[in-house]
Amino acid sequence: MKSVSINPDRLLNDLYELRKFGQYKTGVIRQMYSRADMESRQWLQEQMTSSGLDAQIDGLGNVIGYSGKSSRTLLMGSHTDTQPIGGWLDGAYGVICALEVYRSLAENPDTCHMSVDIASWADEENTFHDFLGCKGFLGQLPPQVINTAIRADGLRLKDALNASGLNGISEQYDPERYLAYLSTHIEQGPRLDISQKQIGIVNQISGCREFEISFFGESNHAGSTPMAMRRDAGMAMMEFATILNRRFRQTGTKQSVWTIGHAEFDPGVLSVIPGKATMTLQFRDPSPAQLDRMEQALWQMAKALQKDLKVDIQIEKETDIAPVRLDGKVQEVLCHIAQQHCPNHWQVMSSGAIHDTGLFSHIMPSGMLLVPSIGGISHSFDEDTSEEDLVTGCEVLANAAAEIIRQAS
């Protein structure tokens, strides 16, 4: 099959243009349903339409471009919303790559370009609800979410939708239409950068478990309460976190990661001993058994330390996302194409970051490729990837898409 040629200048120009929506210093602030976010979605819809796609923004904010009525269609996409302190490529690269793949296939008459749909999914960064747009599209979004989801500052999802002119009703996917889901992303980690590889072919995506851990002690005067008589929830939380870190270092694997992302003291004033303290804990690993071991260690610690720390400890599990393995046949295509375009400068690897590809993998054959993040930095204004690697990733994606379509025809 003839190789597909992308237009590198068009790819990069679109990436830089999208960066302008919410640009701040070297990064982007484009949280879901913000003005910058909605303006970027309208721009993206225009780009899809001008490229020949039947593009729309659905009631959740998903931007979806349909290429025709083919029942054997490849679906490609990612997201364009960002973290509060966001990088310019996180998600955006995958969406613009998908658009460039569609355009490039359309310009190559030997390929079946009318069999590619592309999408930018809403709220993948969990401003209101994780993978809101994907779950809506796949019919997996609990109906109560529209009325109950709240942003960290108290803004209700329902109000944000209304302010954006959206009705909360998602486009629904046709299970007879799609043959596979394909995506690309920056790695958001250091492995490709360290190994000086240009492409990572994802074979599995790590699972993730999240907990809210609360410590209940007793508020009292910070100046006159002897240390031996205190039931200090704040100190207990910090000591617990230190012991937990040591325990996870002992029980974790090389792929295990854990983060305390938020901590809060109540009442949170200098002269009052905290009567309550709360922290959030997240850990990830590609092995279900390892996730179980880490969770078991957490519960055992809470039970064992309550007496010594002089507090009551309450744990609530908030998220449990199972690890997923991606489709072997799609991986074979990606590996074959990567070897053609960057011989021996690619590797098979797991993804510690959780992506929409994991959700789609339960519904249809799915594959994903990664390009390096310079210094392994992401979710930061300093996030970046070389233009050469951005172009190479898109070239591999385009030719892999063409091969998947060819094999299915």
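Starting from 1, each residue takes its place in the sequence as its number. These numbers come from the heavy atoms of this one structure, side chains and all, not from hydrogens, waters or symmetry mates.
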> Do Trp88 and Tyr16 make the cut of ring centroids closer than 6.0 angstrom?
Replying inline: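 Aromatic pair counts; centres sit under 6.0 Å.
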> Looking at the rings of Trp121 and Phe131, which for Trp means the six-membered one, are their centres under 6.0 Å apart?
Replying inline: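 No, ring centres 6.0 Å or more apart.
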Is the number of heavy atoms from other residues, nucleotides or ligands within 6.0 Å of [atom1] ([X]) greater than 12?
{"X": "His345", "atom1": "NE2", "result": "no"}
{"X": "Ile363", "atom1": "CD1", "result": "yes"}
{"X": "Gln196", "atom1": "CD", "result": "no"}
{"X": "Lys303", "atom1": "NZ", "result": "no"}

> Tell me, do Val348 and Cys335 make a side-chain contact under 4.5 Å, heavy atoms counted?
Replying inline: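 The answer is yes, as the side chains (C-beta and beyond) meet within the 4.5 Å cut-off.
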> Taking side chain as C-beta onward, heavy atoms only, is Glu388 less than 4.5 Å from Gln198?
Replying inline: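 In contact.
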Charged N to carboxylate O below 4.0 Å: is that the case for [X] and [Y]?
{"X": "Arg293", "Y": "Asp285", "value": "no"}
{"X": "Arg10", "Y": "Glu107", "value": "yes"}
{"X": "Lys276", "Y": "Glu264", "value": "no"}
{"X": "Asp327", "Y": "Lys329", "value": "no"}
{"X": "Arg209", "Y": "Asp320", "value": "yes"}
{"X": "Asp232", "Y": "Lys310", "value": "no"}
{"X": "Asp159", "Y": "Arg156", "value": "yes"}

Checking the side chain of [X] only, and the main-chain atoms of [Y] only, is there a donor and an acceptor separated by less than 3.5 Å?
{"X": "Ser373", "Y": "Gln188", "result": "yes"}
{"X": "Asp389", "Y": "Thr385", "result": "no"}
{"X": "Glu187", "Y": "Arg191", "result": "yes"}

When rounded to the nearest 0.5 angstrom, what is the spacing between [atom1] in [X] and [atom2] in [Y]?
{"X": "Leu244", "Y": "Arg249", "atom1": "CG", "atom2": "CZ", "result": "11.0 Å"}
{"X": "Leu138", "Y": "Tyr181", "atom1": "CG", "atom2": "OH", "result": "9.0 Å"}
{"X": "Met237", "Y": "Phe265", "atom1": "CE", "atom2": "CZ", "result": "3.5 Å"}
{"X": "Leu75", "Y": "Thr73", "atom1": "CG", "atom2": "OG1", "result": "9.0 Å"}

> Any idea how Trp299 and Phe211 line up, ring-wise: parallel (<30°), tilted (30 to 60°), or perpendicular (>60°)?
Replying inline: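 Trp299 vs Phe211 ring planes: perpendicular.
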Exercise: do [X] and [Y] side chains pair donor with acceptor under 3.5 Å:
{"X": "Glu403", "Y": "Gln407", "answer": "yes"}
{"X": "Thr280", "Y": "Glu210", "answer": "no"}
{"X": "Gln31", "Y": "Thr82", "answer": "no"}

>> Using the side chain to side chain contact (heavy atoms under 4.5 Å, CB included) definition, which of the options Leu166, Asp123, Leu141 pairs with Leu60?
In response: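 Checked Leu166, Asp123, Leu141 against Leu60; only one passes side chain to side chain contact (heavy atoms under 4.5 Å, CB included): Leu141.
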> Would Lys135 and Asp356 satisfy salt bridge (charged side-chain N to carboxylate O under 4.0 Å, His left out), going step by step from the backbone distance to the final call?
Replying inline: CA-CA 9 Å; Lys135 290 178 178 177; Asp356 47 61; over 6 Å; no
